[in-house]
Amino acid sequence: MNRTRTYVLVLVIAMVGGTLGVLAQRWQAESRLDAMNAQLAEETSAPGVVTTGDHRPDFALSDLSGQTRSVSEWDGQVILLNFWATWCAPCRKEMPELAEVHHAFADRGFAVVGIAIDSLEPVQAFITELGIDYPMLIGELDAIEVARQFGNRLGVLPYTVILDRNGTVVLMHAGEIDRATI
């Protein structure tokens, strides 16, 4: 009986320690993202990099069918640009919610535009699997450069930028974004 209590006590201590470790790791990750988002909000513009309040840079990337699409195509709408990759777990987690937001507000002139930092085949398979149907651009290295122009110098994914109807940057957000923030 004494030996059983010892095993149970060791098991409980291990479980508590593991839980505390996971919580500490999550807190550190959230703290890093909060610090990065604060830095994005405070940074002055570097050459070729926009910040909140600036007009968006022009760019063009291919869509899923290979057609070149320009960001100016969505001028006059509120645009949520979401930089992501198929291998990015938080990206995968937020995409169904982005699709819901896209559909809920499309009739009010709101568009979600995904920008995959990935190659065509895995992107097509992934969005088919999840049923994502908002506009999707593929950029690989070119998309990384576009993200950098929008202030994502560290290459954080997911990375979200919201533009108003005039093309002015109103939000730059590193890390997973939720509906309340949008």
Side-chain angles (χ1 to χ4, degrees), residues 30 33-34 36-46 48-86 88 90-118 123-124 126-128 130-140 142-182:
E30 289 174 1
L33 285 174
D34 288 344
M36 288 172 62
N37 281 315
Q39 182 180 1
L40 283 172
E42 294 174 5
E43 276 187 354
T44 57
S45 182
V49 177
V50 298
T51 61
T52 304
D54 291 342
H55 191 266
R56 63 154 175 78
D58 287 319
F59 67 90
L61 297 168
S62 296
D63 66 11
L64 296 173
S65 65
Q67 296 277 100
T68 300
R69 310 267 307 261
S70 172
V71 67
S72 64
E73 187 176 320
W74 292 279
D75 282 353
Q77 298 181 56
V78 174
I79 308 167
L80 183 150
L81 299 173
N82 181 253
F83 296 87
W84 70 283
T86 57
C88 167
C91 301
R92 295 172 70 97
K93 183 178 174 193
E94 75 181 358
M95 289 183 79
E97 190 165 26
L98 293 177
E100 289 175 14
V101 170
H102 174 75
H103 290 289
F105 298 104
D107 62 343
R108 297 185 198 170
F110 179 86
V112 173
V113 178
I115 302 177
I117 298 175
D118 218 324
V123 170
Q124 284 179 320
F126 177 72
I127 65 169
T128 299
L130 280 186
I132 303 298
D133 62 352
Y134 53 79
M136 193 63 62
L137 305 178
I138 312 294
E140 298 183 77
D142 291 338
I144 292 171
E145 176 56 25
V146 173
R148 190 200 64 74
Q149 290 174 6
F150 278 103
N152 189 3
R153 293 179 303 139
L154 300 176
V156 174
L157 292 179
Y159 187 76
T160 302
V161 176
I162 298 180
L163 308 172
D164 70 11
R165 294 181 194 286
N166 298 315
T168 302
V169 177
V170 296
L171 176 77
M172 297 184 302
H173 182 85
E176 190 176 334
I177 195 164
D178 59 20
R179 189 177 186 130
T181 303
I182 296 167

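All values reported here derive from a predicted model rather than from experimental measurement.
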- Item | Gap between atom CD1 of I117 and atom OG1 of T86 - 0.5 Å precision | 11.0 Å

- Partner set under side-chain hydrogen bond (donor to acceptor under 3.5 Å, both in side chains) for S72, not counting sequence neighbours: S70

- Task: Starting from the C-alpha separation in whole Å, work towards a yes-or-no answer on side-chain contact (heavy atoms from CB on, under 4.5 Å) for V71 and V146.
- Result: CA-CA 11 Å; V71 67; V146 173; over 6 Å; no

- Message: Less than 4.5 Å apart, side chain to side chain, heavy atoms only: is that true for H55 and V50?
- Response: no

- Separation between CZ (R165) and CG (D75), nearest 0.5 Å, reads 12.0 Å

- Correct closest heavy-atom pair for R92 and P96 would be O-CD, 3.4 Å

- Query: Do T181 and T160 have side-chain heavy atoms sitting under 4.5 Å apart?
  - Reply: no

Would you list the atom pairs, donor with acceptor, under 3.5 Å between side chains in residues 57-68 and any protein atom, with sequence neighbours excluded?
unit_1: D58; atom_1: OD1; unit_2: R56; atom_2: NH1; d: 2.3
unit_1: D63; atom_1: OD1; unit_2: S65; atom_2: N; d: 2.9
unit_1: D63; atom_1: OD1; unit_2: S65; atom_2: OG; d: 2.9
unit_1: D63; atom_1: OD1; unit_2: G66; atom_2: N; d: 3.1
unit_1: D63; atom_1: OD1; unit_2: Q67; atom_2: N; d: 2.9
unit_1: D63; atom_1: OD2; unit_2: R69; atom_2: NH1; d: 3.3

- Query: side-chain hydrogen bond (donor to acceptor under 3.5 Å, both in side chains) with E94: which residues, sequence neighbours excluded?
  - Reply: N82

- H173 side chain vs P158 backbone, donor-acceptor pair below 3.5 Å: no

- Query: Of the non-hydrogen atoms in V112 and L98, which two are nearest, and what is the gap between them?
  - Reply: CG2-O, 3.6 Å

- Task: Kindly indicate whether the side chain of T51, heavy atoms from C-beta on, has any atom under 4.5 Å from the side chain of V169.
- Result: no

- Task: Measure across M95 and I127 and return the closest heavy-atom pair with its distance rounded to 0.1 Å.
- Result: CE-CG2, 4.5 Å

- Where do M172 and F150 come nearest, in terms of heavy atoms and distance? SD-O, 3.0 Å

Please report, to 0.1 Å, the donor-acceptor pairs under 3.5 Å made by any side chain of residues 132-140, with sequence neighbours excluded.
unit_1: D133; atom_1: OD1; unit_2: H103; atom_2: NE2; d: 2.6
unit_1: D133; atom_1: OD2; unit_2: H103; atom_2: NE2; d: 3.3

- Item | L80 side, atom CG; W74 side, atom CH2 - distance, nearest 0.5 Å | 12.5 Å

- Residues in side-chain hydrogen bond (donor to acceptor under 3.5 Å, both in side chains) with T168, at least two apart? none

- Please report the shortest heavy-atom distance between A104 and R179, naming the atom on each side. CB-NH2, 3.7 Å

- Item | Heavy-atom check, side chain of I182 versus side chain of F105, under 4.5 Å | no

- Query: Which value, rounded to the nearest 0.5 Å, describes the distance between L171 atom CG and I162 atom CD1?
  - Reply: 4.5 Å

- Using the ring of each side chain (for Trp, its six-membered ring), is Y159 parallel, tilted or perpendicular to F83, with breaks at 30° and 60°? tilted

- Exercise: identify the closest heavy-atom pair between Q77 and A111: OE1-CB, 3.4 Å

- How would you list, by chain and number, every residue that makes a side-chain hydrogen bond (donor to acceptor under 3.5 Å, both in side chains) with D107, sequence neighbours excluded? none

- Message: Tell me if a side-chain donor or acceptor on R148 pairs with a main-chain N or O of V49 at a distance below 3.5 Å.
- Response: no

- Would you check if V123 and W84 make a side-chain contact, meaning some heavy-atom pair closer than 4.5 Å? yes

